[in-house]
Amino acid sequence: MSTEKKLHPGINIAQTDPKAHLEAEPVMFGFWVFLMSDLVLFTLLLATYGAMSVHGMAGGPTPKQITDLTSAGIETALLLASSFTFALASIALKYDDNQRALKRWLIVTALLGAAFIGMEIKDFITLAGKGQIPQVSGFLSAHYALLGTHMLHVASAIVWMAMIWPQMKVPRLKDLVRLRIMRLALFWHMLDVVWVAIVTFVFLFGAST
Amino acid sequence: MDWTYWLFGTLQWSDFPPKKDLIATFAASLVILAPIAVAVILTVTKRWTWIWKEWLTSLDHKKIGVMYCVLAAAMLVRALIEAGLMRTQQAMANVGSPVIGADHFGELFSTHGTIMIFFVVMPFISGLINFVMPLQIGARDLTFPFLNAASLWLTAAGAMLVNASLVVGKFSTGGWSGYPPFTELAFSPGEGVNYWIWALTLTGIGTTLTGINFAVTLYKERAPGMHLMRMPLFCWTALSTSILMIFALPPLTVATAMLALDRYAGFHFFTNGAGGNMMLYANLFWLFGHPEVYILILPAFGVWSEVISTFSGKKLYGYTSLVVATISIAVLSFTVWLHHFFTMGQSANVNAVFGIATMLIGIPTGVKVYDWLLTMYRGRIRFTPPLLFSITFLFCFVVGGLTGVLLANAPVDFAVHNSLFLVAHFHNMLIPGTLFAMIAGYMYWFPKVFGFRLDERWGTISWFLWSAGFLLAFMPLYALGLMGAMRRTSMFTDPHYTPYLMIALGGAGMILCGLAALGVQLFVSIRRREQMRVPVGDPWDGHSLEWWSSAPPPEWNFARIPQVDGTEAFTAMKRNGQPYVAQPENYEDICLPANTGIPVMIGVAGGLCAFALTWYIWWLAVVMLVAMWALVVWRSWQGEPMKEFPAELVRKHTEEWLEKARAAKPVDRFAESEPVNLGLADPIR
């Protein structure tokens, strides 16, 4: 277990911050494992959606009737852009010592994420206005549960960011905060990946049936 | 909706004791009196500070392991009494004098199953792995000690919630698998299913996090030279179980969360109408439930491997094949979930695929049984209680496995499913397989944990009572199942059943005596502990690194992280090197995580949140949920506080231990149970 083997997948901070780099491997690896577990959760929600969107309509709205591709397109753009800005934040984390660029890009990321959540809430309100609430059918239950779980994840990622924010200026926590932001980045990108699956199986599927 | 609803949810005075019947009132008073008794003892002996500082707030993996086992033992007592009550009811009801009603019986089999799976075996497994695994791989702690403690207290909170249901309100009558639509609001209004859902959610989250913790530790914290293929087999089974926990617990969380949405928010995942589909639940639940079976059995296989090889005085036969078999079982466990509902409407071809996959598991398991037999072959076997349990296991487990292969045939399953045949089958796997392994592991590692051996005479008595009791209690159930007796039935009225039910009742009584014998063994051993001390720490001539330390081990485990060159690292050390000569010239300061009370508080908040959700006390649920996360944030501000063990302390402790090793007389394997055994083994060469 020599130190040079301790390379976690992700941004390599060995040159810029060797101490945090040494501590990174088990922590980052552990978070990858957690993400796998979280992905199982989304997989099952998608599988539930797959079953319910075929068998669970119960005479209520069909996937096509509730699909709003324009809205989904904007949401996708927002979330993918936020992943890009988080990548810029990660680069700033590696090279920028006074944290200005890091903070800037984190704020942009959080705003994009918040806009994404806002769009989704608007979608939900529109659906509910037409009486298409989760209590109507198994299909709508699955729809709300899947999107809701994803939305909850994005929201908790933003809260997480807000919790890290005041810690960024505490010198005692410097290495820990660095590792925390690296994990938050992984979490954020995973939510993007999940969203791509949701767009495919929920919105494109809905529009094409 | 008046103000009492806003304050207390659906709680009523009538939900509190006294209960309607005497047995329930008695159980409720036990749940109230036991903590009071503990509190009184702690106050009288002035040990509140001690228990808080030394135990509850500890992040030491060894202490957390012990606390897991204590939790499991306490819950085992409850679940066994419930089992005895169910046997009594069925036997007495069949001769015309029932002792409890059908609803109460429904609660009993639901709590018995839920507790046995989630709050006896799972904590016991987590406890054993917690204590043993870091020592075996030459590590000083798990990768995430704080998370480890948080997992423990979440699990404990779940157990307390199940116990609370004895006092306040009722538990679910939906069985441990909680199938909808019966568990939906329409058929099970009230708090029972809520208790079940939130207890499982708490322990499910705790166990997922534990699995992550174990897996990362096994991948990242091994001592230099401890390659994966050099790990003791117990570590391999711990790794497989952790991977199963990581992948198999989320389906449970999803299934119970969806059931909760159905019940609380009127969703339609599993309801009868509006597009709900209970088959979805069956699939999700068993997607968890089948791997869960292997989460329970794989660490037991690890314990058997250690116990059989140690008490046969031989290297484990077929190490590589055992590793491959373990991994094969872990992988196959994800491919067989459908055999839990062969009769629920799939086509014959689908059933055939899953039936064949199920039978395939018999192959790696068979490999293991042969490996254990060949380990014993021409070994220097000592019939200590753990080895006696192993022998019962080998015989009974093969019988249980064969009935499993029978059940894997869908046509056979159509005939006997949901009968007592099935009940006999899975008890036949889980009691000799898992529970006996937990008892054997407890006796095997006890001297390492507390520094003295357990009395062997009472251990042997306990083994006899458990083994005979198991056979008497469950073999008749095979016959009853074939005669048509269905599971989860509160009373039969067939005089032909009477002899079988009576024998089973006698067996259950013997098992309870076996439990009592374990208690006596512990009591006797504590009283005679001075004669049974093993301070040098290697009473059984062990093979792996956990035996290479004083008993009990120091908090830092190893003064120097060992260098490993092969399997059975400690055996190699004893044969080729000198494990007890002075180690490093320069001892180092050792840093370990400082104690913290935050995990306990997270557990308390989690338990209260779950209780509030059960009774629809929304304000409390929100407050406690926020409190849980606030505690996490509080911890994040602390950084990772450490406590330091100065080099001088480490040197002093190590040298005292080595001094004892030099003074002790190496004991022959057949003098293991004599007072002369101070834990210095005279290795078999």
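In this text the structure is predicted, and so the values were computed from the model without any measurement.
- In this structure, the separation between CE on Met231(B) and CG on Leu228(B) is 5.0 Å, given to the nearest 0.5 Å.
- With a 4.5 angstrom heavy-atom cutoff, Leu41(A) touches chain B via backbone and side-chain atoms both.
- Shortest non-hydrogen contact noted between Leu244(B) and Ala330(B) is CD2-O, 3.5 Å.
- The residue among Ala248(B), Gly266(B), Ala257(B) with the most heavy atom pairs within less than 4.5 Å of chain A is Gly266(B).
- Annotation: Phe29(A) is in aromatic contact with Tyr219(B) [ring centroid separation under 6.0 Å].
- In this structure, a donor-acceptor pair under 3.5 Å is absent between the side chains of His290(B) and Ser333(B).
- Between Leu545(B) atom CG and Ile561(B) atom CD1 the span is 10.0 Å, to the nearest 0.5 Å.
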| request: Determine, step by step, whether His189(A) and Ser83(A) satisfy the side-chain hydrogen bond (donor to acceptor under 3.5 Å, both in side chains) criterion, reporting the C-alpha distance in whole Å, the side-chain angles of both residues, the deciding distance to 0.1 Å, and the verdict. | output: CA-CA 6 Å; His189(A) 295 314; Ser83(A) 240; 2.8 Å; yes
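- The part of Met258(B) that comes within reach of chain A is its side chain, from C-beta onward, which places non-hydrogen atoms under 4.5 angstrom from that chain.
- Residue Cys609(B) holds its SG atom at 8.5 Å from CE of Met624(B), rounded to the nearest 0.5 Å.
- Listed options Trp637(B), Trp629(B), Phe144(B) were ranked by heavy-atom pairs under 4.5 angstrom with chain A; first place goes to Trp637(B).
- When Trp286(B), Phe285(B), Phe354(B) are each tested for a ring-ring contact (aromatic ring centres under 6.0 Å, His included) with Trp337(B), only one passes: Phe354(B).
- The distance from atom CG of Leu106(A) to atom CH2 of Trp188(A), rounded to the nearest 0.5 Å, is 9.5 Å.
- For chain B, the option among Tyr144(A), Phe139(A), Phe34(A) with the highest count of heavy-atom pairs below 4.5 Å is Phe34(A).
- Heavy atoms closer than 4.5 Å to chain A are found nowhere in Thr217(B), neither backbone nor side chain.
- By the 4.5 Å heavy-atom criterion applied to side chains, Asn148(B) and Leu59(B) are not counted as neighbours.
- Among Met52(A), Met163(A), Met36(A), the residue with the largest count of heavy-atom pairs under 4.5 Å with chain B is Met52(A).
- Looking at Gln638(B), the atoms closer than 4.5 Å to chain A (heavy atoms on both sides) all sit in the backbone: N, CA, C or O.
- Leu287(B) touches chain A through its side chain: at least one heavy atom from C-beta onward sits under 4.5 Å away, while N, CA, C and O do not.
- With a threshold of 4.5 angstrom between heavy atoms, Val136(A) approaches chain B through N, CA, C or O but not through any side-chain atom.
- Of all residues in residues 269-278 of chain B, those placing a non-hydrogen atom less than 4.5 angstrom from a non-hydrogen atom of chain A are Phe269(B), Ala274(B), Gly275(B), Gly276(B), Asn277(B).
- Using a 3.5 Å distance cut-off with no hydrogens or angles, the side chains of Thr109(A) and Ser82(A) do not pair a donor with an acceptor.
- The choice from Ser636(B), Ala215(B), Pro251(B) that makes the most heavy-atom pairs within less than 4.5 Å of chain A is Ser636(B).
- Checked for salt-bridge contact, Glu25(A) and Lys220(B) meet the test: a charged N lies under 4.0 Å from a carboxylate O.
- In this structure, chain A has heavy atoms under 4.5 Å from both the backbone and the side chain of Ile246(B).
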